[in-house]
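Reading through the structure tokens given below for one structure.
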Amino acid sequence: MKEMLFEINQTTQPIRPHKVFNNWDVVAKGWYVVCKSKELKKGKALPIKICGHELALYRTESGKAHALDKFCPHMGMSLAEGKVKGENLTCIFHEWQFDSKGKCVDIPCLKKKVENGKSVNSYPVEEKYGFIWVYSDKEASGSVFEIDDLKGKEILFTDLSPFRRIAHPHITMMNSIDEQHMRSVHKLPLDLDVAIQEEGTRFKVTFTGKVLDQTLSGKIQKFFLGDKWKSSVLFVDGCLGLLTIMIDLKLFKKFPLPCGYFIFSQTFTQKGETVVWPIMVTEKRKGLHGYLFSWALIRVHKVLMWFLAFQDGRVIYKNLRFNHSGLLPEIDNASARWISFVNRVIKPSIWSRSRIGENEVTDP
């Protein structure tokens, strides 16, 4: 297996493992995108590998999606190779049949009714934003994330092909609250103040400040949108992010502009293989003109997100060996608070492959 960056230079630039943050063996309790809804056909099953865990995902003949642990409890055959019969999934090896809760309901060779049969774990499944989401524990603490500003409204959404990174999801998330890199990497003409809020498993960073006009892009932004900027980044359950831009902005200081909403589902298949699913969402406005405006808006946001992701992806992540010991309190407070939050608040799911050790770091 290829050596990971964090394993290199440990004798001269040591990195201590964290309790939860940047730990590939710990999977947070939360909702994860496993595939697009259209990929799972009615009456079919799919093998899924997510966060190092393997599932059998299937859609019943009535159209509902379910997720079970992948391997049959009888002899370990992959249930993803099985056949869907009605609302149940049948193992292809000895035809043991399991319901949506993972309970074995039929063993043909037994020739009698199954009582207290063996079972496999089942996991909550929801379909939203055109994707199938699976919760990484037996019971979900709530439904798939919804944007507070758009609750109760009809929405339009679109997505980009997933971004693939070798950095851990916690690192790719942290990048979006690194105010310094907005200027150094993305060349955004902004001088921002940072405010941080914590509530339950939600961590929010709000950026407010002024637009700098030393560059052409700054002059253009200031001419159209004024000299103020406000945006925010919300992290949920340590595995999902929401970027909101253009908060309270007006065109020519007169005409209110809609916010841009970008959801990021952060997953990994295995150590060193992070998959970020970007989803652009907006309100579905009424009437033909309203619909066309909404349709055009999320496609503009789609182009914007591709451009920003390209700037980060071409160099940063494949060369980043993150070490918390280098953080400076004066300029890295948001990153330090995020690391501390993950280690203090985010809980490991049953998919996690390690227990918390004595030598692991809680705070940077």
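Just so you know, these numbers use all the heavy atoms, side chains as well, and skip hydrogens, waters and symmetry mates.
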Q: Report the residues that fulfil side-chain hydrogen bond (donor to acceptor under 3.5 Å, both in side chains) with Ser231, sequence neighbours left out, ordered by chain and then residue number.
A: Trp229
(Q) Among residues at least two apart in sequence or on other chains, which ones pass side-chain hydrogen bond (donor to acceptor under 3.5 Å, both in side chains) with Arg285? (A) Thr282, Ser294
Q: Using a strict cut-off of less than 4.0 Å between a Lys/Arg side-chain nitrogen and an Asp/Glu carboxylate oxygen, indicate whether Lys271 and Glu7 qualify as a salt bridge.
A: no
**Q.** Basic-acidic side-chain contact under 4.0 Å: Glu127, Arg59
**A.** yes
Q.
Under a 3.5 Å cutoff, is there a donor and acceptor pairing between the side chains of His18 and His170?
A. no
Q: Mark yes or no for whether Thr90, through its side chain, and Glu95, through its backbone, hold a donor-acceptor pair below 3.5 Å.
A: no
Q | Pairing residues for Lys151 by the side-chain hydrogen bond (donor to acceptor under 3.5 Å, both in side chains) criterion, not counting sequence neighbours | A | Asp148
(Q) If you apply the rule side-chain hydrogen bond (donor to acceptor under 3.5 Å, both in side chains), what do you find for Asp69 with His53, and how did you get there? (A) CA-CA 8 Å; Asp69 271 340; His53 199 82; 2.7 Å; yes
Q | Results of salt bridge (Lys or Arg N to Asp or Glu O under 4.0 Å) for Glu61 - residues two or more places apart only | A | none
(Q) If you count heavy atoms of other groups shown closer than 6.0 angstrom to CD of Glu154, is the number above 12? (A) no
Determine all donor-acceptor pairs shorter than 3.5 Å in which one atom belongs to a side chain in residues 200-213; sequence neighbours excluded.
unit_1 : atom_1 : unit_2 : atom_2 : d
Thr201 : OG1    : Asp237 : OD1    : 2.6
Asp213 : OD2    : Lys222 : NZ     : 3.2

Q: Please confirm whether the backbone N or O of Pro14 pairs with a side-chain atom of Asn323, one donor and one acceptor, at under 3.5 Å?
A: yes
Q | Cluster companions of Leu234 among Ile, Leu, Val, Met, Phe, Trp, Tyr (side-chain spacing under 4.5 Å) | A | Trp31, Val33, Tyr129, Phe131, Trp133, Tyr135, Val144, Phe145, Ile147, Leu150, Ile155, Phe157, Val236, Leu240, Leu242, Tyr261, Ile263, Val275, Trp277, Ile279, Val281
Q) Quick one: ring pair (Phe, Tyr, Trp, His ring centres under 6.0 Å) partners of Phe224, sequence neighbours excluded? A) Phe252
**Q.** Residues forming a salt bridge (Lys or Arg N to Asp or Glu O under 4.0 Å) with Glu54, sequence neighbours excluded
**A.** Lys70
Q | Partner residues of Glu283 under the side-chain hydrogen bond (donor to acceptor under 3.5 Å, both in side chains) criterion, sequence neighbours left out | A | none
(Q) Please evaluate residues Arg344 and Glu198 with respect to the criterion salt bridge (Lys or Arg N to Asp or Glu O under 4.0 Å), reporting the C-alpha separation (whole Å), side-chain torsions for both, the decisive distance (0.1 Å), and the verdict. (A) CA-CA 11 Å; Arg344 287 185 289 107; Glu198 297 181 18; 3.2 Å; yes
**Q.** Contacts of type salt bridge (Lys or Arg N to Asp or Glu O under 4.0 Å), residue Lys36, not counting sequence neighbours
**A.** Asp159
Q) With a cutoff of under 4.5 Å between side-chain heavy atoms, which Ile, Leu, Val, Met, Phe, Trp and Tyr residues group with Val303? A) none
Q: Indicate the ring-plane relationship of Phe98 and Trp96, choosing parallel, tilted or perpendicular according to the 30° and 60° boundaries.
A: tilted
Q.
Classify the ring geometry of His168 against Trp24: parallel below 30°, tilted from 30° to 60°, perpendicular beyond 60°.
A. perpendicular
Q: For residues Pro278 and Pro162, report the shortest heavy-atom separation together with the two atoms involved.
A: CD-CA, 4.2 Å
Q | Greater than 12 external heavy atoms within 6.0 Å of Lys128's NZ | A | yes
Q) Does atom CZ of Phe93 have more than 12 heavy-atom neighbours, drawn from other residues, nucleotides or ligands, at distances under 6.0 Å? A) no
Q) Do Glu126 and Ser143 have side-chain N/O donor and acceptor atoms under 3.5 Å apart? A) yes
Q: Hydrophobic side-chain clustering at under 4.5 Å (ILVMFWY, transitive links): who's grouped with Leu328? Put none if nobody.
A: Ile331
